[in-house]
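For reference, the structure discussed in these notes is given below.
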Protein chains: 2
Amino acid sequence: MNKIATPKKFYTPDQEKIALYAKALSHPARVFIMDYLAKNTERCCYSGDMAENLPIARSTLSEHLKELKKAGLIQGEINTPYIKYCINRANWEEAKVMFNDFFNR
Amino acid sequence: MNKIATPKKFYTPDQEKIALYAKALSHPARVFIMDYLAKNTERCCYSGDMAENLPIARSTLSEHLKELKKAGLIQGEINTPYIKYCINRANWEEAKVMFNDFFNR
DNA sequence: TATTCATTTCGTAAAATTACGAAACAAATG
DNA sequence: CATTTGTTTCGTAATTTTACGAAATGAATA
């Protein structure tokens, strides 16, 4: 094989994933957003709605939404000129299970 | 009363706390450490033991331990020249409950 | 008392995060 | 086709995070 200086994988995929989800939730604004989306599963949520409940600039909120999207916890459905945000159920469930397992190891 | 420019509290204590715990867990090395401590509740854990299982400098590990201590997830009992680390059970339990509630809102 | 030991703190540097307002965007509307 | 609308991206700046090796620490030991 002759692999040179194989960079050992030190963290398990689970550890990497938990860290990733945790990072997404490591800012109170993003926790707030997830709470907000979880509380309003029916009438779905526009960036502007949330901006009015948050003490941050719209552009900053947009970056937080981007972070959550990047981690896979939310998704945005375009509904011009609005963008309807909601929780990504599959990944949300995965995160829930992973954290639960983590705390019960 | 005459409070001037009261800075509104925008995030609930729960939201702040979840963000805090999440931040503590937002690096794979710190998830690894918690896993390690959870797996070795009996024969307790020295910094050096963990250092040998991690691809980071001892000083870096020490900073990660400091972070986890700051968040309240672990505690270190001095046992010169060693320091025996273990999970802070009360806060660990609290974090577990908070995340569980969070994912079930 | 000088040395050893496991560990932490310090000094430093690179990279990532958070934040804002201005500008850009893309679709619907006048 | 110019304007409006909700939202994002860009440019920028301040702060925080991550990382390392060197130096410091503090208790036990030679």
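The sequence lines fix the lettering, A, B, ..., with proteins before strands; numbering per chain opens at 1.
- Classified by interplanar angle (parallel below 30°, tilted 30° to 60°, perpendicular above 60°), the ring pair B/Y82/B/Y46 is tilted.
- Checking side-chain atoms of A/R30 against main-chain N and O of B/A19 turns up no donor-acceptor pair under 3.5 Å.
- Distance CG (B/L20) to P (D/dT16): 14 Å, rounded to an integer number of Å.
- Atom pair A/L54:CG and D/dG6:P shows a separation of 18 Å (rounding to whole Å applied).
- Computed from coordinates, the B/L68 CG to D/dT17 C1' distance equals 14 Å when rounded to whole Å.
- Taking atom NZ of residue A/K70 and atom P of nucleotide D/dT9, one finds them 13 Å apart after rounding to whole Å.
- When distances run from any side-chain atom of B/K66 to the nucleotides C/dT18, C/dA19, C/dT9, the shortest one goes to C/dT9.
- Closest to the side chain of B/P81, out of C/dA6, D/dT8, C/dT8, is C/dA6.
- Atoms CD (B/E67) and P (C/dT9) sit 12 Å apart, rounded to a whole Å.
- Relative to the side chain of A/A57, the nucleotides D/dT7, C/dT7, C/dG21 differ in distance, and C/dG21 lies closest.
- Remark: the B/K96 side chain and the A/N104 side chain contain an N/O donor-acceptor pair separated by less than 3.5 Å.
- As judged by a 4.0 angstrom heavy-atom cut-off over every strand, B/E63 is placed among the base-contacting residues.
- Counting any heavy atom pair closer than 4.0 Å across all strands shown, A/I78 reaches no nucleic acid atom.
- When distances run from any side-chain atom of B/R30 to the nucleotides D/dT18, D/dT7, C/dT7, the shortest one goes to D/dT18.
- At D/dT17, none of the side-chain N or O atoms of B/H64 fall inside 4.0 Å of OP1 or OP2 (strictly under the cut-off).
- Of the candidate nucleotides D/dT8, D/dC20, C/dT18, D/dC20 has the atom lying nearest to any side-chain atom of B/T60.
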Next on the checklist: One pair to check against ring pair (Phe, Tyr, Trp, His ring centres under 6.0 Å): B/Y21 and B/F99. What are the steps and the verdict?
Outcome noted: CA-CA 9 Å; B/Y21 283 137; B/F99 274 94; 7.0 Å; no
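- Checking D/dG6, D/dT18, C/dT8 against the side-chain heavy atoms of B/H27 singles out D/dT18 as nearest.
- When the side chains of ILVMFWY residues are joined at heavy-atom separations under 4.5 Å, either directly or via intervening members, A/Y36 and A/W92 end up in a single hydrophobic cluster.
- B/N91 places a side-chain N or O within donor-acceptor distance of the main-chain N or O of B/G72, the cut-off being under 3.5 Å.
- Within 4.0 Å (heavy atoms only), A/L61 reaches no atom of the nucleic acid at all.
- Rounded to an integer number of Å, the gap from CZ of B/F10 to C1' of C/dA19 is 15 Å.
- Between the P atom of C/dA24 and the CZ atom of A/R58 lies a distance of 20 Å, rounded to the nearest Å.
- Residue contacts shown for B/S62 include a base, since a base heavy atom lies under 4.0 Å away.
- Distance from the side chain of B/K23 is smallest to D/dT17 among C/dT9, D/dG26, D/dT17.
- The distance from atom CG of A/L65 to atom C1' of D/dT9 is 14 Å, rounded to the nearest whole Å.
- The nucleotide whose nearest atom lies closest to any side-chain atom of A/S59 is, among C/dT18, D/dG26, D/dT9, D/dT9.
- The side chain of B/Y82 has C/dA6 as its nearest neighbour among C/dA6, C/dT18, D/dT18.
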